[in-house]
Amino acid sequence: MLSQSPVMSGPFPSFDDRTFSSPLSHFQEWFKCAVAKEVLEPRSMVLATYDQTHLVDSRVLVIKAMDDEGFFIESGKGRTKVEQLKENSHVAMNFYWREQGRQIRLQGKAVEVRSEDFKHVRDYLDAKTRDLAVYKVIPDRMEFYQALEQGGYERMLYTKENNKWLTSWL
Ligand SMILES: Cc1cc2nc3c(=O)[nH]c(=O)nc-3n(C[C@H](O)[C@H](O)[C@H](O)COP(=O)(O)O)c2cc1C
């Protein structure tokens, strides 16, 4: 049964020819395309953290907003992930948009923010009305993966060096 269940069945879009100044603007372009093509729940992703014994933990979250630097996420204050992030703010995030054969993964830091400090995204955050912690996940490495219909894939990696984004194909 497992082997008969399809994976990565197209049709898929191609990797875009455009170049972007940052992976955040690249993400925004892919996100727009995901919404236009009716990808189900494109805001949902897997957030991985370290627990107190340095074992890896993960769970699904939605991104609440984004700006030129990163992604905003929310969690109940008493939650395990909040305790984990106090000890180690390094995280990984992974979006999988099945309908398009696209994966976007990143590594970065989750910085706790006060929602009042981010007026331009505040309207999208629930933290004012509930007891929520808000984090901005700021990537320093981000990879865009496009499955190809004929098989195989294309992968573009963004890395940050001296405050500039560099790209390479993998
Ligand atoms: C589709 C989906 C979206 C979710 N969105 C959030 C979210 O935005 N924030 C959150 O704290 N938990 C969210 N959850 C619940 C988390 O996956 C997780 O169960 C919960 O936050 C407890 O995780 P923790 O014990 O690691 O803190 C979501 C779950 C699903 C399935």
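We count ligands from 1, going down the list as the structure has it; atoms in each ligand are counted the same way.
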**Asked** Just by modelled atom types, is the Q100 backbone N or O under 3.5 Å from a matching donor or acceptor in the Q146 side chain?
**Response**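 Yes.
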**Prompt:** Got a sec: does the OH of Y50 have more than 12 other heavy atoms crowding it under 6.0 Å?
**Reply:**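 Atom OH in Y50 is not crowded, with 12 or fewer foreign heavy atoms closer than 6.0 Å.
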**Item:** F144 and W169 aromatic centres sub-6.0 Å
**Value:**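 No, they do not, as the ring centres are separated by 6.0 Å or more.
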**Request:** Please name all residues satisfying side-chain contact (heavy atoms from CB on, under 4.5 Å) with V62, sequence neighbours left out, ordered by chain then number.
**Result:**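 side-chain contact (heavy atoms from CB on, under 4.5 Å) list for V62, sorted by chain: R43, S44, K64.
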**Prompt:** Does R18 pair with E29 as a salt bridge, N-O distance under 4.0 Å?
**Reply:**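 Yes.
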Which pairs of nitrogen or oxygen atoms, taken one from ligand 1 and one from the protein, are under 3.5 angstrom apart?
residue	atom	partner	partner atom	Å
ligand 1	8 (O)	V62	N	3.4
ligand 1	9 (N)	E74	O	2.9
ligand 1	11 (O)	E74	O	3.4
ligand 1	11 (O)	K81	NZ	3.2
ligand 1	14 (N)	V60	O	3.2
ligand 1	17 (O)	V60	N	3.4
ligand 1	17 (O)	V60	O	2.6
ligand 1	21 (O)	K81	NZ	2.7
ligand 1	23 (O)	K81	NZ	3.4
ligand 1	25 (O)	T80	OG1	3.4
ligand 1	26 (O)	R59	NE	2.8
ligand 1	26 (O)	R59	NH2	2.8
ligand 1	27 (O)	T80	N	3.3
ligand 1	27 (O)	K81	N	3.0
ligand 1	27 (O)	K81	NZ	2.8

**Prompt:** Going hydrophobic residue to hydrophobic residue with side-chain gaps under 4.5 angstrom, can you get from F31 over to M142?
**Reply:**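 They do share one cluster, since a chain of ILVMFWY contacts under 4.5 Å joins F31 to M142.
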